[in-house]
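Read through the structure below, which is laid out as structure tokens, and then see the notes.
Just so we're on the same page: letters track the sequence lines, and every chain starts at 1.
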Amino acid sequence: EAQVTQNPRYLITVTGKKLTVTCSQNMNHEYMSWYRQDPGLGLRQIYYSMNVEVTDKGDVPEGYKVSRKEKRNFPLILESPSPNQTSLYFCASSLVGGVNEQFFGPGTRLTVL
Amino acid sequence: AQKVTQAQTEISVVEKEDVTLDCVYETRDTTYYLFWYKQPPSGELVFLIRRNSFDEQNEISGRYSWNFQKSTSSFNFTITASQVVDSAVYFCALSESGGGSNYKLTFGKGTLLTVNP
């Protein structure tokens, strides 16, 4: 089944404790991206990747890191999480950026205390 | 900069009513793509439709239909004979194909549709 998976689905952590949210797609898509969804602010892009080893900042990259060592994986790293990073996070992928529809993972609900 | 406006924050209808969700967009590109996504109470984002800027034909898929009008920069979504299972937040989104756009989806704030039995 074609899908985007994310882990964990739910996470409660404390300020400053490094964490990684994994994202994997099995559709051989070139483009992958991370979004966060916040009440009243909608969905905003954090980082994106056009292909392996090609990543760039989105609209709200502060406090996040990403890597794209393999085509299928695009982990999101929070080196020192803070309460303002409490949010619902979505990973997405598409065949080609900007042209094709993006398929979203199930979301990761992160709470930083 | 690209922008998507969904002026209707919440809509409530009774089952079997028709309902139209409005979407107005702004872009300077001549080539762009419009999308609708559905987010049911379970939280996932489900792709519904993609439309490119050169194709203004309306589209119908079962009870769903979309009206794309470049003259008014609108891409409205109509559900005919609504059902309780249509209750969700619906997002309109825009993607530009030009350089520097990050190829990101710019989302509207969403419209919460509640269909009551």
Which heavy-atom pair separates [X] from [Y] by the least distance, and what is that distance?
X: B:Gln39; Y: A:Leu88; result: NE2-CD2, 4.3 Å
X: A:Tyr35; Y: B:Leu105; result: OH-N, 3.2 Å
X: A:Phe90; Y: B:Glu44; result: CE2-CA, 4.5 Å

Chain A contact via B:Gln6 - which portion, at a heavy-atom distance below 4.5 Å = neither
request  = Flag the pair B:Phe47 / A:Phe104 as yes when their ring centroid distance falls below 6.0 Å, and as no otherwise.
outcome  = no
query = Can you get from A:Tyr48 to A:Val21 by hopping between Ile, Leu, Val, Met, Phe, Trp and Tyr side chains that sit under 4.5 Å apart?
reply = no
Mark yes when over 12 heavy atoms from residues, nucleotides or ligands other than [X] sit less than 6.0 Å from its [atom1]; otherwise mark no.
X: A:Ile12; atom1: CD1; result: no
X: A:Lys65; atom1: NZ; result: no
X: A:Leu113; atom1: CG; result: yes
X: A:Tyr10; atom1: OH; result: no
X: B:Gln57; atom1: CD; result: no

query = Is the shortest heavy-atom distance from the side chain of A:Leu43 to the side chain of B:Leu45 under 4.5 Å?
reply = yes
ask   = Would a 4.5 Å heavy-atom cut-off, applied to side chains only, mark A:Gln45 and B:Phe107 as touching?
value = no
request  = Please confirm whether the backbone N or O of A:Gln102 pairs with a side-chain atom of B:Tyr37, one donor and one acceptor, at under 3.5 Å?
outcome  = yes
